[in-house]
Structure formats: structure tokens, C-alpha cells
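Heads up: the structure comes next, in C-alpha cells.
Note that the structure is predicted; figures quoted are calculated from it, not measured.
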Amino acid sequence: MTTADPQRPTEGAGGTTNDQPPMAKAYDPRATEDRVYQFWETRGYFKGEIPEPGSAKAAREPFCIIMPPPNVTGELHIGHALTDTVEDILTRWHRMLGDPTLWLPGIDHAGIATQNVVEKQLAKEGLSRHDLGRDEFEKRVWQWVHRYRPIISNQHRRLGASADWSNEVFTLDDGPQSAVRVTFKKMWDDGLIYRGERLINWCPRCQTAVSDLEVDHEEQQGSLWYIRYPVVDGKDADGAPHLTGEHLTVATTRPETYVGDTAVAVNPKDARYTDWIGRTVMLPVIQREIPVLADEAIEMEFGTGAVKVTPGHDPTDFEIGQRHNLPIVNVMNKDATMNAQAGPYDGMDRFEARAMMLRDLEELGYLEKTEPHTLQVGTCSRCGTIIEPLMSWQWFVKMKPLAQPGIDVVRDGKIKFVPDRFERIYLNWMENIRDWCVSRQLWWGHRIPVWYSADDDGDKIIVTFRDPDGEATDPPRVATYNELRADGVSHETIIRHATWSGVDATPIVAIDTPERSPKGGGHLLQENDVLDTWFSSGLWPLSTLGWPGQTPELAYWYPTSVMETGYDIIFLWVSRMIMLGIYHTGDVPYSTVYLHGTVRNEQGKRMSKSLGTGVDPLDVVEKYGADALRYTLITSSGAGGDMKLSDQRLEAGRNFANKLWNATRFVISMIGEQTVELFEFDAKGQTANRKGATKTDNRRQTTDGEQTSNRQRPTANSHLPVEERWIISRVEGLARSVDEQLRKFELGEAAKQVYEFVWSEFADWYIEIAKIRVRDEQSTAPSPLPVLAYVLERSLRLLHPVMTFVTEELWQALVQKIDGIDDEALIVAGFPRGESGFTDAAAEREMETLIDVVRAIRNIRAEKKVEPGKFVEAYIVADAARPGVRALLDAGAPYIETLARARPLHIVDAIADAPRDQVATAVLDGVTAVVPLAGLFDVEAERTRLNKQIAEAEAEAG
RNA sequence: GGGCGAUUGGCUCAGUUGGUUAGAGCGUCUCGCUUACACCGAGAAGGUCGCAGGUUCGAGUCCUGCAUCGCCCACCA
């Protein structure tokens, strides 16, 4: 690179050619990141392109990650930064390996969550969604979407995400819409979707059904109430129930539902109650008679052993009811107020009713006792409201047939989880899977592709109508479709201002909106409900690639490589993608599931906006730089592990970026105004300067994979200084290790290894020695600059997937000083896999010895409080038992002299050649360092110091 | 009620298949503004790897039990 490319990111920021300003003394991410990102993006490096058939690239295995689409509800949080970091590392790594690479981003419409935030916004204006009507409300939500989509994309960019923005997908785009409809239709035709009245989880606040997975279980301190049910035996003369005076006591945590009881159950094995089975008891106050029956599900130990059975409001009771053919009495409205079935409690809120009932029962002597009791309360994961099990007509997906193939592929290893312990968790859930309630009574989402024929079955369509013009009818008018039409309400008005239920109507399931009913009626009403957001999410790996179209993208990228997401959505999302992926294609959606943990704050609290413990990733980027954040996130925990994010760790990341910056700055300044030629070993072990190494040359080591490791490069480069043989051996070893770690998804470990190498080996030792050589004007040894540049350049490549901005910036500057590297940018430069031919175990051991000698002398100096600037005389004894060590010491003498400030330095062959009195000695591997102490320090002063230390120690011991 | 994870120097964590003196960052102590970096350099202190057993020539690393914390799943009303 002799000509600075004007588009390169170094322009204006500390480039290195004569006409460019010098690099800043400290790395400033803010002066770099946006510019580097723009450089990448405008050059199109993120674009996931299908290679030309027959090209070299086409022979390589494609790598594809579909990004988990963040909710459009708001801005990204720190968990997204972790997602981006992991996925970007994998993507960049594969891109550098030369693989065809696609990281496909998207955004999720997040039905219930987004509807909630927009409703909150409306509430501030004093409006509800019903004031707007469905169409207007949807428009408002779209406004929200248009506002947040660019914000979210921009946040990803600030984090350095190299995703293919040109293909970003939204879950309500036409493609995913079509995917959803095709799936629904196919499932319907296959008998996998049904509509039915079941006991579902109802959120009285969100006014919708939610699935089992969207219910959180909170432990609460509550009470266990013991209620007496009087026994009835026949009728009195006046026809009134005859009370025997006995009673049966049941224990309950939900007394307000007793008005919906249709039985009392006991365990058939419970001797206490054998005689009670078949008798009749009466509900207090409302005076309904119900039977006592036996059911295995009853725990004898709990409460009194007798349980009130409320099939309409409790899942267990529902099942008992099914077994015994009990009637279902629904006592609540959708807003969790009591209905007419609750008699005198009609219209009261469920908890208000509870208080009233308990008071009444107590007054009438039916409340036997109250015990404190901790219980699990189901709450809505979106709003925290206590969930109510309610009977309701909903759409369900039959899961068992879908689950089995999803179980098999994991058992057979076609999909692997990282870490693998999550496979068991996944399998356990899949094996016990239950049907999925997919309908939501929301306005925002994929509307269920079902229509009812209003004309043909008009008398069966029940419409709940809010008069748009006159007074808001409250309660809304309930009528059949035809009744409304007869009253002059137009079809359009009904569509806009009513909700309806096609309970008894035949659903017309279709992919495209049907024109008319098959029976010939003209007016169709589409199902009100929308689908659970996770229904469309489950199709994500397909729909993002163009399915149901048979697109080239789908053919090429599917199945994708890695699904990377949080372990908290294995069931909600991962499992459904697997099931639906196999259902549609017969093939898995991805071969690896990489799961990351939860990011917590320094107190270990989950980062959450609602808790006020959220951290805006952009604030962190602003303060420490994106690279620091990425480094910290990836090194703070392994796969599946939770982590605490702290300022201290972020500082460590920032400092590392700065270290890299300064090391590179120094190397560049040492090279000065010239350039160095690309260092390479040639076949004879000479340092060769090969001009014009082509791009293919440069990538050779990565494109033919392991093959290169077998090229037996010469290692006994005895003419090369030991530190060069050492550092080259180390950097190639590092590359092999990093490659291995990345393959095992040990991303943090890979990053830490580069950190260790760059800081503790390259900067601390190789640069320091190189300085000595460069400054030694008498030296006849070859210049260390080619090796210096080579090792640094390799290190930048190895680190680029993690610390993406600073490495690109530095690489661009460094490469201008090196002839023979033609890669146009680090992001697309080859990723080193390690040249095993450069391994030089002897050099590694020798260098270690030199380092140990320096450390030993430094240690002695520090121990003896030798003034920092002062040189000490030292003897280094080469042990005859270690061959070659004398030569090593002779060669290394100048470094020892400078680095340990040891001069005059005597290299001797026998301990006898060194003084024995008043010396400090360090015995090392085949080497002994001897430092004469005479005159090094003031004996009296030292004595005083030591005495003082003793006194302090004694005082402390006392 | 099941299951999983964690328990390593003051703090936060690494330690992947059991093998030489258990590592890092931050903090602490002693020095040092030496021409890459004080977002730095040199040196040092600090851990019987939760507890109790067991397997092994050898265990932080495997097995058993226990304890504490966290998470997930589960129809004890």
C-alpha cells in the first residue's frame, strides 16, 4: 500500500504518511467508530451474497445467522448488545475465513408488548384503542414502528454489527405475512389447528388469552380458607333442601370462585371420606347443590383432604370436571368482575368479591378458619396482572405431532446446543408439550386468516357493536349480523366498529382473502383475533429467506448455521422454529443453537427498563467505546452463563484498545517514513521479503484449511534472533489456539488469549527488545521491523472479530507501512489459522529463560531497594548441563543489560567464576543469576528499614 | 415436588477432556512521569479452590452426601 485510499477510514484520523497528522496519543473510539462503520457499509462488506457457481467461494460452506429480531417496542438494551457481539464475532470470523456469510437482521412486531406501549401512549392523551377503532389504532402502531425501526438499526450499527441491512425484515412485511397464512392454512388442512372452548390463561388487563409460557409464577403470601359446605339429604316437606346439620369443610386459596363449584372431591383412598362419596352438599349463600365425588388427583394430606371443584376457573378442576362430566360454571367476566352466576356478588371485582364473600361466610358461620399460606400466583408476563383461568373460545395448535420430529433431530445430533446442558431442558419440555393457544384478542399482529360467512350463517355470527356515531353503547350491543343489518347498520360499519364471534359458523380458512363464501353469500367477516407473536417468530428462519417462495436465498442459506439467542426463550422461540422448520421443509432450521446468559448489573439484578436497572448500550459505547463493550461482554462469561457488567471490566476493555493503539502507533513510528516488506519465511529458513504477495497468497493459509499445517516449514532458523523465532512461534500458536476456541464457541477464551499475547508477550517483551535492537547503532543483526509488523498484523486479524473498530483502524494504518498485503480491508482479510511449521519449541524455552533471568535480577533489585536508574553488576552462570545456554546468554546479553539494568554483565561457565560473598542468587532453568550486593545499598539504612518492618509486623501481630 | 447452575485470593470471574509451583482484571502495598501507552511500566502481598466422605500414583477438575444462593419446570386446591 503506497497510495492512501481516500475512502479508507484512516483518512483524517491519524494516518501515517507524511502528509497525515500523527496518531493521537490515546485511542478515541468516538473519532473512529462511525467513520469505520460507514466505510464498511458503503463498501458493501455486510452483504450476504450467494457466490457464483464454480467460484472458489462457492466451494466453501456458507455461514448464516438469522438475527433474533428485537421487539419494536423500544430501544435496545444491554442484552441485545451481547447478542450482537456474539453473532458479530461469529459472522466476522467466518467472513474472514472466506466463507460465504450472511447475517440477516430483522425486527419483531411483538404483538402484545407493542400494543401495550402504544395504548399507554394513547392513555396519556386520554384515549383508548376503542376510541380510535381498529384501523386508526393500527395506524398509530405503524407510526410507532416507523419511529423505532431506524433507531434500533442505528443502535446495532453503533455496536459494530456487520449485518446485511439491505435485507432487513419486519415480521409484518408481506413475506412473513404470507408465511404465516400459508402455515395456518396447511396446519388447518392437516388437522393441526382447531378451535375450541377451553380453559385458557386470560389477562384481565391486556384483555387477551396468553399461552402457558407467557404466565410467570410468583410466590405470594396468601391465606388458606376453610369453608363449610352444609350437607343436604333430600328435601323437606316444603320442597326446600333438607340440611342434616353436618358439613364438609374444604380448603381453598380462591374462595371467590366457590360460586362456580360444581362438586367437592376427595381421594378414593381417603378413609375419612369413604362414606361421603355420593352425598350432596350445598354451596352457602347461593344455595346450589353439588355432589361429593372421588378423584385420584386429590392429595389427602393437603388442607382437609376435601377440595372444592371449580372446572370453570382452575385447570386441575377442569380436568376433574372432564373426568366426571361436571357442568362448567363461569362466574367471571373478561375484566375479572363477577357475573350473574355469582348472585349477590354480580359486578364486583374478583378481589372485592372475595372480601365480601369471606365476610358473609364468616357471619353465617361457614368460615371455619383461616391459615397463612404461600402460594404460586400466575401473572401476565407482559403487565404483571394476575392471570385468570377462564373458559374461552380460542384457536389451538396440536403440538404432539410437531414435537416428535423436533425431539428426534436433537437426539440424533442434527441440532446441537451450546452449552449442551440445554438439550436436556429442551427435550424435557418437548416431551411434555401441550397444545398451544395461538389466538390473541389483540389488534396488533397477524390477523388469523379465517373468515365467517355473515350472510349464509348470519344468525350464528354474534356481533358486539359499539355505535360509532351516537353515544358509545355501554355495554355494547350484542346481536346477530343479520339483526344489525336489518337495523340499517352497513357491513362496513360493522367491520369497523364491531367485534364478532363465529362460534357456530364454519370457518373459511384461506391464504388469500376470499371474495365470497363458498356457499355464495356476499359478506365475509374475518376472524377478529390475531396470532401469538411467536407464531410468526417460529417461521423466522424461513420467512426471512423468502419462504413460502422457493427463493435462491432459501435454497442456498437454509438450513442456517447458528441460532444465537438467550436461554430464556428456548421454549417460546427455539423449539417452535425447530418444529415449524421441520414441518415445512423436512429439514432443521439450523444445526447449532448457541445460548447466551443474562446480563446483570453490578448488584446482580436483571437489567430491566421497568425495574429502572436498565443500561443503555449506547451510553456505554459513548463512555468506553464499542470495542470495550464487546470485549467485556464476551469475556465476562462463557456460553449460557449469566454475567455482571461492571465499570471495572469495561475499563479493562477500554485499556486494552488503548494498549493496542499505542503499540501500533509505536511500531508505525519505528518504521518511520519507509515501508517494510512483508515478512515470510522462505524454504531455506531465511527471512524473505517477498514483494507483490497477492491476495490469494495472503489467504492461502485460510482457504485450504488444515492443509497448511502440514507444510513442513523449516524451524531451525538459527541465524534468526531467538526472540524472533520465539514471537513468531507464539503468534502462530496463538492463531491455532484461537481457531480451536472459536470452533468450540469459546469466544471469550479466544479473546482473552489474544489479550494475553498482545499485552504480556508482544508488548512487554518483543517490543521492548526490538527497541534495543533498533537503537543499537552498532548492531549488525537484521532489523526487527518486518517481524514486528508481521506479528502485529497477525494479532490485529485475530482480534478483529471481537474488537472490530480499533483493529480495522489500526490495520489500515499499519498496512500502509507494509508492502505486499493487498487485502482491501481487515474485515475481509484472511483469518490466521496458525502455521504449525513455525512452531519452535526450543526458541520458546530459550526466550523463557531470558525472561526469567531479567525477572530474577529485577526481583533482586526490588527486594534490595536498588535505585531504579542505577545499573548493577551481575553474573550469569551458564550450566554446562544445558546445551546451548551459553550461546543463548551471549546473544541475549544486550537485552538483559538493558531490561534488567545489569551492567557490567558477566556471562560465565561455572559458579566458581562468580563471587560468593555478599551476593543475591537466583537459580533458574540451567542458569544461575548472581548479583553482588556490596555497595548497592546503605547497610545501615537497610538495617533500620528492616527493624522498622519487624516492629510493624510485631505490632500487627499483637 | 423435580431439574439445572453457581460456591476458586478483598471484589468480579477464567480454569473446556483429572497431571508439573491454581490464573486474570480490578483493588491493595513498594517503587518509577525511561522518547508507544499513567487508559502506563517494574516488583510484591493475598487462595487448605463451600463442607464431609470416596475413586486414583495424582482432583479445583470424576463419584456420593450435605449446606447456602440463583434460575427453570411442575395441576398440592
Answer with base, sugar-phosphate or nothing: what part of the nucleic acid does [X] contact at a heavy-atom distance below 4.0 Å?
X: A:E423; value: nothing
X: A:R254; value: nothing
X: A:R434; value: sugar-phosphate
X: A:F422; value: nothing
X: A:E746; value: base
X: A:A657; value: nothing
X: A:A652; value: sugar-phosphate
X: A:R665; value: sugar-phosphate

Taking the six-membered ring of [Y] as reference, does the NZ or CZ atom of [X] fall below 6.0 Å from its centre and within a 45° cone about the axis?
X: A:K771; Y: A:F666; value: yes
X: A:R576; Y: A:W436; value: yes
X: A:K369; Y: A:Y226; value: yes

Between [N] atom [atom2] and [X] atom [atom1], what is the distance in whole Å?
X: A:E218; N: B:rC73; atom1: CD; atom2: P; value: 13 Å
X: A:K771; N: B:rU35; atom1: NZ; atom2: P; value: 9 Å
X: A:E299; N: B:rA74; atom1: CD; atom2: P; value: 17 Å
X: A:D420; N: B:rC4; atom1: CG; atom2: P; value: 13 Å
X: A:E740; N: B:rU16; atom1: CD; atom2: P; value: 13 Å
X: A:R649; N: B:rG27; atom1: CZ; atom2: C1'; value: 14 Å
X: A:L427; N: B:rG3; atom1: CG; atom2: P; value: 16 Å
X: A:M23; N: B:rA36; atom1: CE; atom2: P; value: 14 Å

[atom1] atom, [N] versus [M]: distance in rounded Å?
N: B:rU7; M: B:rG47; atom1: C1'; value: 14 Å
N: B:rC37; M: B:rC29; atom1: C1'; value: 24 Å
N: B:rG60; M: B:rG50; atom1: P; value: 10 Å
N: B:rG27; M: B:rC11; atom1: C1'; value: 7 Å
N: B:rG70; M: B:rC62; atom1: C1'; value: 25 Å
N: B:rG19; M: B:rA24; atom1: C1'; value: 22 Å
N: B:rA59; M: B:rA67; atom1: P; value: 26 Å
N: B:rU17; M: B:rU12; atom1: C1'; value: 27 Å

May I ask you to say whether [X] pairs ionically with [Y], meaning some side-chain N is under 4.0 Å from a carboxylate O?
X: A:K744; Y: A:E749; result: no
X: A:R743; Y: A:E740; result: no
X: A:D314; Y: A:R254; result: no
X: A:K416; Y: A:D420; result: no
X: A:R773; Y: A:E723; result: yes
X: A:E256; Y: A:R350; result: no

Taking the side chain of [X] as its heavy atoms from C-beta onward, which of [options] lies nearest to it?
X: A:A663; options: B:rG32, B:rC39, B:rA36; answer: B:rA36
X: A:T252; options: B:rA77, B:rC4, B:rA38; answer: B:rA77
X: A:E749; options: B:rA14, B:rU16, B:rG5; answer: B:rA14

Residue met sooner reading RNA chain B from 5', once A:F571 and A:V667 are mapped to nucleotides: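 So the residue in question is A:V667.
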Most 5' of A:L375 and A:Y755 on RNA chain B, judged by nearest nucleotide: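 So the residue in question is A:Y755.
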hbond_proxy A:K744 side chain to B:rU16 base (donor-acceptor, 3.5 Å cutoff):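 Present.
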From OG1 (A:T565) to CG (A:L595), nearest 0.5 Å: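 Rounded to the nearest 0.5 Å, the OG1-CG separation comes to 7.0 Å.
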Polar side chain donor-acceptor pair, A:E219 to A:Q376, under 3.5 angstrom: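 Present: a donor and an acceptor within the cut-off.
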Phosphate-side-chain proximity, A:R775 and B:rU35, N/O vs OP1/OP2 below 4.0 Å: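 No, A:R775 has no side-chain N/O under 4.0 Å of OP1/OP2 on B:rU35.
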N or O in side chain of A:R424 less than 4.0 angstrom from B:rC4 OP1/OP2: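 Result: yes.
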Close approaches to RNA chain B from residues 301-322 of chain A, in residue order (heavy atom, under 4.0 Å):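 Residues of residues 301-322 of chain A under 4.0 Å from RNA chain B: A:F302, A:V307, A:T316.
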Please check: side-chain N/O of [X] versus main-chain N/O of [Y], any donor-acceptor pairing under 3.5 Å?
X: A:D261; Y: A:A263; value: no
X: A:W661; Y: A:A24; value: yes
X: A:Y594; Y: A:G640; value: no

Secondary-structure notation, RNA chain B, from Watson-Crick and G-U pairs under 3.5 angstrom (| other strand): ((((((((.[[[[.)...(...]]]].(((((.......))))).....[[[[[..)....]]]]])))))))....
Footprint string (nucleotides 40-46 of chain B, 5' to 3'): B base within contact, S backbone only, - free, heavy atoms under 4.0 Å: SSSSS--
More than 12 heavy atoms from other groups under 6.0 Å of CD on A:E867: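 No, not enclosed.
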